[in-house]
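Structure in structure tokens, see below.
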Number of protein chains: 2
Amino acid sequence: MNTPSFRNWQSVQDEVLRRIHAREWAPGDLIPNEADLAIEFGCARSTVNRALRSLAESGLLDRKRKVGTRVAAQPVAKATLDIAVIRHEVEEHGAKYGYQLIARDIAIPPLSVSGAMKTKADDKLLHVRALHLADDEAYAIEDRWINIRVVPDAEAEMFQSVSANEWLMKHAPYTHGEIAFSAAQASTGDAEIMGVAENSALFAIDRLTWDSAASVTKVRLLFTPGYQLRTGL
Amino acid sequence: MNTPSFRNWQSVQDEVLRRIHAREWAPGDLIPNEADLAIEFGCARSTVNRALRSLAESGLLDRKRKVGTRVAAQPVAKATLDIAVIRHEVEEHGAKYGYQLIARDIAIPPLSVSGAMKTKADDKLLHVRALHLADDEAYAIEDRWINIRVVPDAEAEMFQSVSANEWLMKHAPYTHGEIAFSAAQASTGDAEIMGVAENSALFAIDRLTWDSAASVTKVRLLFTPGYQLRTGL
DNA sequence: AATGTTTTTATGTGCGTACATAATAACATG
DNA sequence: CATGTTATTATGTACGCACATAAAAACATT
């Protein structure tokens, strides 16, 4: 067997993928070590390392020091979702973006919110509710609480024409966050705003972002029926 | 200012993150080039490269040859979801996993399925419907079509005790796939099987996987109300 | 047999150099 | 002036070496 010499990490990766896929290396199998592969492929070990590391990151390989590299038995499919600003999402679909502020006030949030955001139960937060439109039709309802202790500038912003969704992206950095996807039934009020049947199944995204130890904002986005969040595998 | 010498790529990354977060490098800003940063940090350029490349992969930096590296203006939040085998998902919640086959037959699928799977309209596919349980309660309904031309072994498998979800992971490799998340209303039949109210809002995952140019399987998973798919940011 | 210690081994990472490549800027040419 | 050509520059990556580190295996000790 001649070795056609794999000079770059991508081609090494492709060859590894081919072998996994052709079942030359079956799920659970231990594959040769980096040094041996480097010799076989006619490249440096670091090149093999780059290829395998990247495959491990995407969940296709399991690597352990001293033990070796094995093909993942249960290739946990890792789907990476790009959560963009809603305006961009709409415009990328080729639709005209629209925005309407529904309500804006500073109030003491329900305990579920102050609890999740770890603010004091009697701390006032900025509460913004808005509607995002695509081609003049309801696209998503945004219900957001903003920690004005962390983002004091938000108090001066009326969110009449710029959505909190977009404003915060620019003005409030965050260190980490949590995101959850679920399905929810449209409440009477939401159904009316969106112009859909009551109890429609809505796609919901709940996001909570943090700046170090302090919560920045908590938002729930409810999308009109038919909305799909898609990605490749 | 003394430079405390950043010896490994992680600490370089942390320092870069700190500067971005502290707005020393604001969104949209061009940051110093790798060579300069390497000098400043007292490490090799390759170490800086590793740190910046990784940040670019996670969407926080935009890099272009010759142009340089800039802090992403709209840090597109990339959420990576781990889509595991349902049994594992259930067991990780500390619940007892259960499985029930609802139906299994070989039939001509509706056009929506043969169209998406790019099989001939009169090609027969293996159709499996099953219920996944957690602590003896309905967890998710699986409705799956399998391309028996691509996975002939599936024809001999009855899926009485092993779910197609799990069996395919082991026996049918795929090269790529698409996944979509949405919300759906429970049909009368599904509601009855799951023991939930009709028209409940269910979380739906649709997945279509390919082996090169041939479709392997198309599946829709409907989760009982309350289900959440979560991850960090 | 149970426990602690040392060796071995495969991955993880750092370094410095070299060259490849994309995109821009500077320059030349009709 | 418009257009084509050539430098310049920052990232991208390959290479070979060195050493760090985790984990298992081999060995020694009680």
Side-chain angles (χ1 to χ4, degrees), chain A residues 3-17 19-20 24-73 75-76 78, chain B residues 3-17 19-20 24-73 75-76 78:
Chain A
T3 47
S5 185
F6 299 92
R7 315 209 116 142
N8 56 27
W9 71 270
Q10 303 244 20
S11 67
V12 168
Q13 192 177 71
D14 288 347
E15 172 62 12
V16 170
L17 277 171
R19 292 188 188 183
I20 291 173
E24 289 175 32
W25 295 338
D29 278 8
L30 204 60
I31 76 172
N33 69 43
E34 293 185 349
D36 290 348
L37 286 176
I39 293 166
E40 188 191 335
F41 291 148
C43 66
R45 182 170 81 90
S46 52
T47 306
V48 174
N49 180 278
R50 179 90 155 82
L52 298 187
R53 174 162 39 89
S54 149
L55 287 174
E57 268 165 22
S58 67
L60 213 75
L61 294 177
D62 283 331
R63 320 194 73 195
K64 244 191 272 185
R65 274 177 173 161
K66 153 79 187 175
V67 180
T69 302
R70 52 181 72 244
V71 180
V76 182
K78 291 201 178 177
Chain B
T3 47
S5 184
F6 299 93
R7 316 212 111 128
N8 56 27
W9 71 269
Q10 304 244 19
S11 66
V12 169
Q13 193 176 72
D14 288 348
E15 173 62 12
V16 171
L17 277 170
R19 292 187 187 183
I20 292 174
E24 289 175 32
W25 295 338
D29 278 7
L30 204 60
I31 76 173
N33 69 42
E34 293 186 348
D36 289 348
L37 285 176
I39 292 166
E40 188 191 335
F41 291 149
C43 66
R45 181 170 80 94
S46 52
T47 306
V48 175
N49 181 276
R50 180 89 154 81
L52 298 188
R53 174 161 40 88
S54 150
L55 287 174
E57 268 164 22
S58 66
L60 214 73
L61 294 177
D62 282 332
R63 320 194 75 198
K64 245 192 271 183
R65 274 176 174 160
K66 154 79 186 174
V67 181
T69 301
R70 52 179 72 245
V71 180
V76 182
K78 290 200 178 177

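So you know, we letter chains A, B, ... as the sequences are listed, proteins then strands, and number each from 1.
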Quiz item: Is the shortest side-chain N/O distance from Thr69(A) to OP1 or OP2 of dA10(C) below 4.0 Å?
Solution: no
Quiz prompt | Any N/O donor-acceptor pair, Arg50(A) side-chain to dT13(C) base, under 3.5 Å | solution = no
Quiz item: Whole-Å distance between dA22(D) P and Lys64(A) NZ?
Solution: 14 Å
Quiz item: To the nearest Å, how far apart are Arg70(A) CZ and dA23(D) C1'?
Solution: 13 Å
Self-check item: Full working for side chain to side chain contact (heavy atoms under 4.5 Å, CB included) between Thr69(B) and Asp62(B)
Solution: CA-CA 6 Å; Thr69(B) 301; Asp62(B) 282 332; over 6 Å; no
Quiz item: Does Thr47(A) make a side-chain N or O approach to OP1 or OP2 of dC15(D) shorter than 4.0 Å?
Solution: yes
Quiz item: Whole Å only: how far is the CG atom of Leu52(B) from the C1' atom of dT13(D)?
Solution: 15 Å
Quiz item: Roughly how many Å is it from CG in Asn8(A) to C1' in dA20(C), rounded to a whole number?
Solution: 11 Å
Exercise. Step by step, work out the salt bridge (Lys or Arg N to Asp or Glu O under 4.0 Å) result for Glu40(B) and Arg19(B).
Key: CA-CA 14 Å; Glu40(B) 188 191 335; Arg19(B) 292 187 187 183; 2.6 Å; yes
Quiz item: Arg53(A) has a side chain; which of dT13(C), dT8(C), dA23(C) sits nearest to it?
Solution: dT13(C)
Quiz item: Can you tell which of dT13(D), dA10(C), dC15(C) lies closest to the side chain of Trp9(A)?
Solution: dT13(D)
Practice problem: Considering just the side-chain nitrogens and oxygens of Arg63(A), establish if one lies under 4.0 Å of OP1 or OP2 belonging to dG12(C). | Solution: yes
Self-check item: Heavy-atom side-chain proximity of Val48(A) to Val16(A) below 4.5 angstrom
Solution: no
Quiz item: Atom CG of Asn49(B) and atom C1' of dC15(C): how far apart are they, to the nearest Å?
Solution: 13 Å
Exercise. Between Ser46(A) and Arg65(A), just flag the one whose closest nucleotide in DNA chain D comes earlier from the 5' side.
Key: Ser46(A)
Quiz prompt | Closest to side chain of Ala44(B), choosing from dT13(C), dT9(D), dG16(C) | solution = dG16(C)
Quiz prompt | Rounded distance in Å - NZ (Lys66(A)) to P (dT9(C)) | solution = 7 Å
Practice problem: Measure the distance from CG on Leu37(B) to P on dG12(D) and round it to the nearest whole Å. | Solution: 13 Å
Quiz item: For Asp14(B) and Ser11(B), does a side-chain donor sit closer than 3.5 Å to a side-chain acceptor?
Solution: no
Quiz prompt | Donor-acceptor pair, side chain of Arg70(B) and main chain of Gly28(B), under 3.5 angstrom | solution = yes
Self-check item: Nucleotide dA23(C), atom P - distance to CG of Leu30(B) in whole Å
Solution: 15 Å
Exercise. Find which nucleotide of DNA chain D each of Val67(A) and Arg45(A) is nearest to by heavy atoms, and output the residue with the more 5' nucleotide.
Key: Arg45(A)
Quiz item: Picking from dA14(D), dA24(D), dT11(D), which would you name as closest to the side chain of Glu34(B)?
Solution: dT11(D)
